[in-house]
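Presented below is the structure to which this report refers.
Protein chains get the first letters and strands the later ones, always in sequence-line order, with residue 1 at the start of each.
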There are 2 protein chains.
Amino acid sequence: MGMQGKQILVVDDEAPIRDMLRFGLERSGFRVSRAADVPSARLAVAQTHPDLLLLDWMLPAVSGIEYARELKAAATTRDLPIIMLTARGEEEDAVRGLNVGCDDYIAKPFSMPELVARIQAVLRRSVPGGESERIRVNGLEVDAASQRVTMSGEPVHLGPTEYRLLHFFVSHPERVYTREQVLDRVWGQNVYVEERTVDVHIRRLRKALAPHGCDAMIQTVRGTGYRFSEKHG
Amino acid sequence: MGMQGKQILVVDDEAPIRDMLRFGLERSGFRVSRAADVPSARLAVAQTHPDLLLLDWMLPAVSGIEYARELKAAATTRDLPIIMLTARGEEEDAVRGLNVGCDDYIAKPFSMPELVARIQAVLRRSVPGGESERIRVNGLEVDAASQRVTMSGEPVHLGPTEYRLLHFFVSHPERVYTREQVLDRVWGQNVYVEERTVDVHIRRLRKALAPHGCDAMIQTVRGTGYRFSEKHG
DNA sequence: CGCCGCTTGTCACACCGCTGTCACGGCTTG
DNA sequence: CAAGCCGTGACAGCGGTGTGACAAGCGGCG
């Protein structure tokens, strides 16, 4: 439905592939822009604000992996979905191990329907959500637009990771999440960090929330993970 | 870790494929149940609460796609992950399947390791207690999504094992289970623990429920085992 | 260029709740 | 009465979690 008309930026150094992808994707109802290397891609991202990036992992000068890491590091482009194009034989695990937070992989050669299917799956998964949301619960207020958190008016200082962690929990209350799932949804998919790292950031988040007396909302579910709830206990 | 032991429901009208899938998946540590058509699948979903659905897109009477749409439309089964099985060359249908809201698809013939990898990928990003079931009986409420138990609003603190034990009994009321059966369904199939251990956890569960006055729902059936019933006596 | 503060991921350690087992005693059944 | 069967308290071991510390990365600033 609303999936058609989405803008896709294809980044590949081989012109035939770019054209083939453009043809196939436009026939599926997407809008397509193209770039041959990373500098042009940077320009295109800044100018056209694509909804998804099709990124060849092997590019001249700056590799696709480096560029993906760069995009995932910047707050403004963190949520831009990326699908990596890899050549056959370049094991997924090899790419996965590089700690890029991209959303999916597809190996060349691939069929057009399969690519379209994966694009739609990723687009559906990505939260289009109203950009300027402001969630409030029990006096705790999380403003997505300004990335600021206040507790009954008092500002709460959080690091970037703690903020995203809190934002995730506040948007998904009354549910248990395992450490692995938290990593997937807060750190990004295909990023490898220790599961116990979640514990540490939970602790930092609690410590920041404690002076305001709402650290009890982040609850430990022993044997499983963590849960956000406004109810005590 | 927790990925093993997950329950997978295979829906396919061809018996050899069902059996092949069951064999392969069980060898990978999953629990497998099977259904040949959509009506049996509906029953199995309601009864066994699987963690993931392997759904053939081409089924007699009601197609897999229709069933998937039905599942994704209902709030209680919206989060139940679905992987579609398609035949080679039916990729366009796979696309339609993904539009329906399936989480992934895989084309027959496929390799077992690939299927297992896809399943684990989907399970990894799915939430626990996927189809957020919320069972209520006599004021006692067991919420799978938040993994929390409340008695007329008051939270009841339970350890992991007691929670699983109660969840099992609440989902299977009015029926006697031997200690061995309870061990199989709550502890897992290949775990060796003394049968009397069940007694101890029953006792702990009762003690946690006692302050709320509903410990009588866990009933002893002398010479056999235990039963959960809302009726007293 | 170097210094500094902030953030982040990881580790080691301590603690404590959970778990499985046992022994004892009360109770039912034959 | 004897023999099971079950509830209960106790207990040791383990494992999951909280916590402080630390080094590396990174950007800002002089």
- [ ] Indicate yes or no: does B:R227 engage B:E174 in a salt bridge with an N to O separation below 4.0 Å.
- [x] no
Open item on the list: Within the 4.0 Å heavy-atom criterion, would you say B:V198 contacts the bases, only the backbone, or no part of the nucleic acid?
Closed with: nothing
Open item on the list: If you only use heavy atoms from C-beta on, which nucleotide in D:dT17, C:dG9, D:dG4 is closest to the side chain of A:R222?
Closed with: D:dT17
Task: Selected nucleotide, minimal atom distance to B:H201 side chain, candidates C:dT10, C:dG20, C:dT8 - done: C:dG20
TODO: Test ring-ring contact (aromatic ring centres under 6.0 Å, His included) on B:Y177 and B:F168 and set out the steps.
DONE: CA-CA 11 Å; B:Y177 291 91; B:F168 166 71; 4.9 Å; yes
Task: Phosphate-side-chain proximity, B:T161 and C:dC18, N/O vs OP1/OP2 below 4.0 Å - done: no
TODO: Not counting sequence neighbours, which residues clear side chain to side chain contact (heavy atoms under 4.5 Å, CB included) with A:D56? List them please.
DONE: A:D12, A:D13, A:M58, A:L59, A:L85, A:K108
Open item on the list: Is B:H157 close enough to C:dC18 that one of its side-chain N or O atoms is under 4.0 Å from OP1 or OP2 there?
Closed with: yes
Open item on the list: Rounding to an integer number of Å, can you tell me how far A:E195 CD sits from C:dT10 P?
Closed with: 11 Å
N/O donor to acceptor pairs below 3.5 angstrom from side-chain atoms of residues 200-207 of chain B, sequence neighbours left out:
unit_1 : atom_1 : unit_2 : atom_2 : d
B:H201 : ND1    : B:E162 : OE2    : 2.5
B:R206 : NE     : B:I218 : O      : 3.3
B:R206 : NH2    : B:I218 : O      : 3.0
B:R206 : NH2    : B:T220 : OG1    : 2.7

Open item on the list: If the threshold is 4.0 Å, N to carboxylate O, is there a salt bridge linking A:D143 and A:R148?
Closed with: no
N/O-N/O pairs, protein side and nucleotides 18-24 of chain D side, under 3.5 Å:
unit_1 : atom_1 : unit_2 : atom_2 : d
D:dG18 : OP1    : A:R206 : NH1    : 2.9
D:dG18 : OP1    : A:T220 : OG1    : 2.6
D:dG18 : OP2    : A:Y226 : OH     : 2.7
D:dG18 : N7     : A:R196 : NH2    : 2.9
D:dG18 : O6     : A:R196 : NH2    : 3.2
D:dG20 : OP2    : A:R203 : NH2    : 3.1

Open item on the list: Rounded to whole Å, please give me the gap between CG in A:L183 and C1' in C:dT8.
Closed with: 13 Å
Open item on the list: Check this one for me: any side-chain N or O of A:W187 less than 4.0 Å away from OP1 or OP2 of C:dG9?
Closed with: yes
Open item on the list: Just the rounded figure in Å: distance from P of C:dG9 to CG of A:L165.
Closed with: 11 Å
Open item on the list: Could you check whether B:R22 pairs with B:D19 (Lys NZ or Arg NE/NH1/NH2 to Asp/Glu carboxylate O, under 4.0 Å)?
Closed with: no
